[in-house]
Amino acid sequence: MSLSSEKGNGSVEVHQVSSVADGVVEVLHSRFSRESGAIAIDRKILEAAQADLELAQETGYKPELRRNFSVLALLGIGFGITNSWCGISASLITSISSGGPMMVVYGIIIVAFIAMFVGITLSELISAMPNAGGQYYWTKKLAPKKYSGFASYMCGNFSWAASVFISASICLSISSSVVGMYLMNNPDKELQTWQVFVTYEIINIFVTLFNIWERPLPYFSQAALYVSLASFLIITIVVLAKSGGEFQNPQFVFVEFTNGTGWASGGIAFIVGLINPSWSFSCLDAATHLAEESADPRRKIPIAILGTVAIGLFTSLLYSIAMFFCIKDLEPLYNSRTGVPIMDIYYQVLGSKAGAIGLEFLIFLTAFGSQITCHTWQARLCWSLARDNGIPGSRYWAQVNTKTGLPVNAHLMSCFWIAVIGCIYMGSSTAYNSMIIGGVVFQMLSYSIPVTFLLKNGRDSIKHGPFWLGRIGWISNWVTIGWTIFTTVFYSLPPVMPVTAGNMNYVSAVMGVFGLYCVIYWFARGKYKFTSLEEREGHIEELTQQLSPQVSAMINILSNEKQV
């Protein structure tokens, strides 16, 4: 493999190469001028090549994806998935029943405050050790050699399961929105579970198509960000303007506590209600799994993570307060005929079905963009875990499609499991909801595993990245672990009392079954197949020898171009 440059009659020639860094070299040759044989190498191409070389030198992983995600595109992925205001909108009434509007308002503030610490923790780790594997790779690096393989394997599977569960929850919110708009326009119809199920499966298949081609993906993620922010502004302004000055009093929004859960303790009712704000601030690790698709992940990804939390707090808090002040009658919302209570609020305020459907359509567009970015997240998790043989059939899921530039097989496999989860909803919405809560808990567990080893080893045991906050980072690490323990315990409680088979929280069962599968597979096959840190880093010398000459040649070409 060779990359050479010649300076003569004002042109620089690049000869055909075959590279392990397929993404960079393809971009390089796409700029080859057919007329003169000259090629212009700009700074972005060189930065991407240098980032690929750094990945190979530090980790031993083969660079396979194109580095075309800017800060804005990364923020689009991060906030496009989290979409806190939209998440609050989807679960508004569930939260209200655990304490009233004040529960949602203060719940958002509490969860966003915690999320900022979690975001700082993730930002420090990705800045120090950028890798598409995210938390499971950090675990592999930080855990003692004896436990590194098992801890990393479990962390990776928890992380991937969380992404699939949360993707399924977003797909359900989209399908519920579609069916709700249909019922709003057809008052003689009644909500049927099969309607939501069929819509769910159709949407899952359709959205799957958006993560097959690589080139438009950064634009989709940016569009998701713009659509979300525009929808937030339009809905908030329209609802406030159409209220005609008739608002609820501040005591209703900020003071009154209404316990509709059946729990004797108001504190427990409030804590149970935090599940929904937590869901609305989940997926903070999403941008970390695009570390191999950004030219400067050490700096750009922390911006995307903390930007996601900041925008989420601002939009969700303003949106929820505005909606609560505009509610005309709270009681009908608890038993919404459409299954979409937020749309019923729009209808109460606007007095127009068309208007309510129009605003709900903006929610639909926002959630649709969220689903596209969520698929991006889950595909990267599956692919990165598969390239270390962490799941059955890894040799298929670890492949990157040479035509589309993406891990299409991993994407399709993840979407298949979303379809399966939809079937569970058809059988039992209670079991389905338990899986969704399990997604939130699995996610926090996957964050805390590497953080635990980091604190055990000492925060100075790793080379710090450009984003490192010292004492604040240490506090953030402990808050992350504390919040994980808190959510694992309290989010396993039943949402209402008295407990029956129909309203029980089966999240403990979901976690137990999935955890048992992971342990059985590990001892049966995983521990023999899973790529250890030593095996992976054994590729460093070979990859460095292949990539270094290419980067040097690019630097030479760039230097020659400046002189021509």
Side-chain angles (χ1 to χ4, degrees), residues 72 75-76 78-93 95-96 100-109 112 170 173-174 176-178 180-181 184-185 221-254 276-277 280-281 307-330 332-333 336 338 340-370 373:
L72 195 59
L75 182 59
F79 185 72
I81 297 174
T82 304
N83 252 317
S84 302
W85 75 270
C86 188
I88 289 294
S89 183
S91 59
L92 203 63
I93 297 305
S95 299
I96 289 177
M102 62 85 69
M103 187 275 136
V104 180
V105 173
Y106 298 121
I108 289 173
I109 295 173
I170 297 173
S173 69
I174 298 172
S176 298
S177 175
V178 172
M181 288 187 284
M184 173 67 74
N185 198 46
S221 66
Q222 291 182 52
L225 175 63
Y226 299 145
V227 169
S228 176
L229 295 178
S231 298
F232 157 72
L233 287 173
I234 292 171
I235 294 174
T236 304
I237 292 172
V238 168
V239 171
L240 287 173
K242 295 297 290 183
S243 290
E246 298 180 6
F247 299 114
Q248 292 283 350
N249 61 68
Q251 184 171 345
F252 171 78
V253 178
F254 299 110
N276 295 293
S280 300
F281 280 88
T308 294
V309 178
I311 297 173
L313 172 60
F314 176 79
T315 56
S316 61
L317 192 59
L318 263 62
Y319 177 79
S320 59
I321 291 174
M323 295 306 107
F324 293 144
F325 268 110
C326 295
I327 288 177
K328 303 298 182 183
D329 187 0
L330 187 58
L333 303 181
S336 170
T338 64
V340 187
I342 190 64
M343 184 167 56
D344 297 332
I345 294 177
Y346 300 155
Y347 181 58
Q348 286 183 6
V349 175
L350 273 63
S352 165
K353 292 181 180 178
I357 292 173
L359 295 186
E360 181 60 27
F361 184 72
L362 294 178
I363 296 286
F364 165 80
L365 288 179
T366 301
F368 191 86
S370 179
T373 53

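Since the model is a prediction, treat every value here as computed from it, not as a measurement.
Between atom CD of residue Gln348 and atom CE of residue Met323 there is a gap of 12.0 Å, rounded to the nearest 0.5 Å. Atom CG of residue Leu362 and atom CG of residue Leu233 lie 11.0 Å apart, to the nearest 0.5 angstrom. Atom OG1 of Thr366 and atom CD1 of Ile174 lie 10.0 Å apart (nearest 0.5 Å). A distance of 12.0 Å separates OG of Ser370 from CG of Leu225, quoted to the nearest 0.5 Å. Phe324 CZ to Tyr319 OH: the interatomic distance, rounded to the nearest 0.5 Å, is 9.5 Å. Summarising the geometry, atom CD1 belonging to Ile342 is positioned 9.5 Å from atom CG belonging to Leu359; distances are rounded to the nearest 0.5 Å.
Counting heavy atoms from C-beta outward, Leu75 and Ile311 have side chains that approach closer than 4.5 Å. Contact annotation: the side chain of Ile363 never approaches that of Ser231 to less than 4.5 Å [non-hydrogen atoms, C-beta and beyond]. Between Leu333 and Ile327 the shortest side-chain heavy-atom distance falls below 4.5 Å.
Between the side chain of Glu360 and the backbone N or O of Met181, no donor-acceptor pair lies under 3.5 Å. No donor-acceptor pair closer than 3.5 Å links the side chain of Gln248 to the backbone N or O of Val253. When atom types are taken as modelled, the side chain of Ser320 and the backbone of Val105 share no donor-acceptor pair closer than 3.5 angstrom. With Ser173 contributing its side chain and Ile170 its backbone, the two residues share a donor-acceptor pair below 3.5 Å. Checking side-chain atoms of Thr308 against main-chain N and O of Phe79 turns up a donor-acceptor pair under 3.5 Å.
The nearest pair of heavy atoms linking Gly107 to Pro277 is O-CB, 4.0 Å. Considering every non-hydrogen atom in both Ser84 and Ser280, the closest pair reads OG-O, 2.8 Å. Smallest separation of non-hydrogen atoms from Val349 and Ser243: CG1-OG, 3.6 Å. Shortest non-hydrogen contact noted between Val340 and Gly180 is CG2-CA, 3.8 Å. Nearest heavy atoms, Leu313 versus Ala112: CD1-CB, 3.6 Å.
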Next on the checklist: Please determine whether side-chain contact (heavy atoms from CB on, under 4.5 Å) holds for the pair Cys326 and Leu240, giving the CA-CA distance in whole Å, both sets of side-chain angles, and the decisive distance to 0.1 Å.
Outcome noted: CA-CA 7 Å; Cys326 295; Leu240 287 173; 3.7 Å; yes
Next on the checklist: Applying side-chain contact (heavy atoms from CB on, under 4.5 Å) to Ser316 and Phe281, what does each step give before you reach the verdict?
Outcome noted: CA-CA 10 Å; Ser316 61; Phe281 280 88; 3.7 Å; yes
Next on the checklist: Using the rule given for side-chain hydrogen bond (donor to acceptor under 3.5 Å, both in side chains), can you reason through Ser336 versus Thr338, listing the C-alpha separation, both sets of side-chain angles and the distance that settles it, and then say yes or no?
Outcome noted: CA-CA 5 Å; Ser336 170; Thr338 64; 3.1 Å; yes
Checklist entry - Going through the checks in order, is the side-chain contact (heavy atoms from CB on, under 4.5 Å) test met by Tyr346 and Ile235? => result CA-CA 9 Å; Tyr346 300 155; Ile235 294 174; 3.5 Å; yes
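Other residues, nucleotides and ligands contribute over 12 non-hydrogen atoms within 6.0 Å of the CZ atom of Phe254.
Among pairs with a residue in residues 236-249, those fulfilling salt bridge (Lys or Arg N to Asp or Glu O under 4.0 Å) read Glu246-Lys328, at least two apart in sequence or across chains.
Counted by atom type alone, Ser228 and Trp85 present one or more donor-acceptor pairs between their side chains at under 3.5 Å.
Shown are Asn83, Ile108, Asn276; of these, the side chain to side chain contact (heavy atoms under 4.5 Å, CB included) with Ile88 is made only by Ile108.
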